[in-house]
Amino acid sequence: MTETGAANDFIRDRVRTDLEQGTYGGRVQTRFPPEPNGYLHIGHAKAITVDFGIAEQFGGICNLRLDDTNPDTEEAEYFESILEDIGWLGYTPASVLHASDYFEQLYTWAVHLIEKGLAYVDDSDIETISAQRGGFGKAGVESPYRTRSIEENLDLFARMRAGEFADGTKVLRAKIDMNHENMSMRDPVMYRVRHSTHFRTGDTWCIYPTYDWAHGQSDAIEKVTHSICTLEFDTHRPLYDWYLAQLPLPAEKPVQIEFARLELTHTVTSKRRLAKLVNDGTVDGWDDPRMPTLRGLRRRGYPAAALRAFCTEIGTTRTNSRQNIEALESYVRRELNTTSLRRMAVLHPLRLVIDNWPTDAEGNPVVEYFEVTNNPENPADGTRQVAFSGELVIEQEDFAEVPPPKFFRLTVGREVRLRGAYLVTATSVEHDTAGNPSCVHATYDPATRGGDAPDGRKVKSTMHWVSTAHAHPITVALYDRLFVTEVPGEATGEALDDVNPNSREVLTDCLAEAALAQTPPGDVVQFERLGYFAADPDHPGLFHRTVGLRDEWAAIQKRRG
Ligand code: ATP
Ligand code: MG
């Protein structure tokens, strides 16, 4: 896969240096390590482009490793969705691996640490252990169990594994330094007792390794060279290195490198909060088009190529920041502009009757067909025939009885162009019982076929239209931001306080040209003048607005100077 603007950043510099120095014998191996406890989101897309992108750029490999060390929250369903979403994004893991496959090796290594006097079984509960740890500038307190003999620790640890102890009654801790300046090094927990069925290992285990104990060791087992993660693991790096240093491993050990998480305005990526939106019915599910999950973005019509380009081109740094969602949308628009077919659809129909339209011998209105370009950006997409007749619909907002200043669209007495067809002049308007325009009468000029007047007279406006007799009825969902504020929760501390109660508007009376009926599920088309719309993969006739046509990102950048 080729990406525009292949990145240069501090991680790539590091990889380059290691390659030059022959640190890993010229090997580059990364991994993407999600916990299968939820669906992937836009933040994961960033990590995926970093992990897979770097491996690809330097001729290395990237594996998918499921960090499945917590039986309570993990499910096979999530595992499958992760695999599928990575494939959709355009990457293929060299291998699909599971931390749970290393449980036996991790256990053996834990025994090794006990034998070296570097780990002990602690009977304290989690609250006590946490209190013992102290805090920044506050000394830690050694556990009374810290001085247990190696023999006793070996015996107790074996019995932990054998299932003799209840959940929460014992842990295995590394014996490092209770006064270390880094809290991660104050005798961290390696194992906890958990009598729970794991989605892969079943009931084989009732002790489970912590993230810190599993992660670096899994990297070492797989021979990962560069273990790339997000900045919150920065303070865990000394522990990552410490564990590796104690184990009987080859000299070349994986190195952990951290980068800043991707955050977007008007968006949250916390799985817990996203789950709440699903569970309380704010959205329809994890794949709701408003969700920042890869499934949601995909249903919304975001092309994988746009996500990859965005994640790559924003760069990778160690500074936390929030990207404007408008910037992401402009990548989406740029991609769709070149790939999507153009169609005409009317979202808020207003009848337009051409009173001087001819009828045939049987008295039926004549039907004419206009050849229209499918995609001006790609001639290979060809043309289509669009039916035109005397009964049409136009957008309500393209007609004004009393035109406001600078309104150049249709009003009684004015001539406009019906895109690709004819020039028409509105002559009168009918109203419904509420007094709103219900039908505009017009005349057309037969000499303007194709949309241009032979005498060269100009009109100020071109409007899209649909022939009523040939219309394909559709339902359209328009979306607004899922969170009203740029930084959800900035004011109250709870992002969900800022959920937009009006993030979706469903229009059920829309009419589109006949060709739209041929749109394959999941494809995105441009409705002329209205934006890009994705055909729902499951519900024929339902279209989601992916993005509008206006580049708000350009406007934001201009305002900023
Ligand atoms: P949670 O804490 O909600 O479970 P997580 O962020 O830990 O989520 P994982 O599935 O464990 O999610 O993460 C897999 C990988 O994706 C990790 O390497 C993590 O650092 C990375 N990742 C997760 N969120 C982001 C983000 N917003 N930006 C960049 N990378 C991310
Ligand atoms: Mg996690």
Side-chain angles (χ1 to χ4, degrees), residues 7 9 11 30-55 62-75 77-86 89 91 93 96-100 209-212 214-216 218-219 222 224 226-237 240 254-279 286 291-297 307-308 310-312 314-323 325 328 487-488 495-496:
D9 53 58
I11 305 179
T30 60
R31 83 287 167 269
F32 172 62
E35 198 183 337
N37 64 354
Y39 293 92
L40 298 184
H41 52 62
I42 178 77
H44 293 114
K46 171 70 195 175
I48 291 169
T49 59
V50 171
D51 294 328
F52 283 89
I54 286 179
C62 178
N63 293 322
L64 170 63
R65 179 192 324 133
L66 283 305
D67 180 23
D68 55 349
T69 53
N70 184 356
D72 295 333
T73 55
E74 295 158 6
E75 289 172 28
E77 178 197 340
Y78 295 130
F79 163 57
E80 280 143 30
S81 77
I82 288 169
L83 205 54
E84 201 183 289
D85 290 351
I86 293 173
L89 251 195
Y91 298 99
V96 178
L97 307 166
H98 292 84
S100 56
T210 53
Y211 171 89
D212 285 316
H215 206 88
S218 301
D219 287 340
E222 294 169 4
V224 166
H226 302 84
S227 179
I228 304 162
C229 62
T230 37
L231 220 45
E232 69 272 22
F233 294 106
D234 184 38
T235 55
H236 298 231
R237 190 171 358 113
Y240 181 100
V255 56
Q256 177 182 304
I257 306 170
E258 312 87 18
F259 68 95
R261 295 174 82 86
L262 167 63
E263 302 286 353
L264 281 176
T265 56
H266 299 284
T267 308
V268 304
T269 51
S270 144
K271 277 180 211 160
R272 185 175 63 76
R273 294 199 169 88
L274 294 176
K276 180 110 198 314
L277 294 174
V278 173
N279 295 332
W286 288 97
M291 289 284 272
T293 52
L294 297 187
R295 322 214 117 189
L297 296 171
L307 292 178
R308 290 197 305 267
F310 171 74
C311 289
T312 308
I314 56 172
T316 305
T317 68
R318 285 180 61 85
T319 311
N320 282 315
S321 67
R322 208 172 263 268
Q323 303 289 328
I325 191 154
L328 171 59
V487 183
L496 296 174

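In each ligand, atom 1 is the first atom listed, and ligand 1 is the first ligand listed. Numbers here simply count residues along the sequence, with the first being 1. Since we're looking at a predicted model, the values are computed, not measured.
Residue Pro33 has at least one heavy-atom neighbour below 4.0 Å for each of these atoms of ligand 1: 14 (C), 18 (O). Close contacts between ligand 1 and Thr230 involve ligand atoms 19 (C), 20 (O), 29 (C), 30 (N), 31 (C) [criterion: under 4.0 Å to a heavy atom]. Less than 4.0 angstrom separates some heavy atom of Ala47 from each of these atoms of ligand 1: 16 (O), 21 (C), 30 (N). Taking every non-hydrogen atom of Phe32 and a distance limit under 4.0 Å, the qualifying atoms of ligand 1 come out as 15 (C), 16 (O). For ligand 1, the atoms sitting less than 4.0 Å from at least one non-hydrogen atom of His41 are 24 (N), numbered in the order shown with element in parentheses.
Evaluated by nearest non-hydrogen atom to atom 25 (C) of ligand 1, the leading choice among Gly43, Cys311, Ala260 is Gly43. Closest heavy-atom approach to atom 5 (P) of ligand 1 within the set His215, Lys271, Glu35: this belongs to Lys271.
In this structure, SG on Cys229 lies 5.0 Å from CD on Glu258, to the nearest 0.5 angstrom.
No salt bridge links Arg31 with Glu222; every basic N to acidic carboxylate O contact stays at or beyond 4.0 Å.
Any N or O atom pair closer than 3.5 Å counts here, and Arg261 shares at least one such pair with ligand 1. Taking distance alone, with nitrogen or oxygen atoms compared against 3.5 Å, Cys229 stays at or beyond that limit from ligand 1.
The closest approach between Arg272 and ligand 1 stays at or above 4.0 Å for every heavy atom of the residue. Within the 4.0 Å heavy-atom shell around ligand 1 one does not find Ser270.
Under 4.0 Å from ligand 1, the heavy atoms of Asn37 that appear belong solely to its side chain.
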Verdict with reasoning, His215 to Tyr211, per ring-ring contact (aromatic ring centres under 6.0 Å, His included): CA-CA 6 Å; His215 206 88; Tyr211 171 89; 4.6 Å; yes
Stepwise side-chain hydrogen bond (donor to acceptor under 3.5 Å, both in side chains) test for Tyr91 and Asp51: CA-CA 10 Å; Tyr91 298 99; Asp51 294 328; over 6 Å; no
Pair Asp212-His236, side-chain hydrogen bond (donor to acceptor under 3.5 Å, both in side chains): steps then yes or no: CA-CA 8 Å; Asp212 285 316; His236 298 231; 2.8 Å; yes
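Residues Arg65 and Val224 share a closest heavy-atom pair of NH2-CG2, 4.1 Å. Heavy-atom minimum distance, Thr265 versus Arg322: N-CG, 3.8 Å. Asn37 and Lys271 get closest at one heavy-atom pair: OD1-NZ, 2.6 Å.
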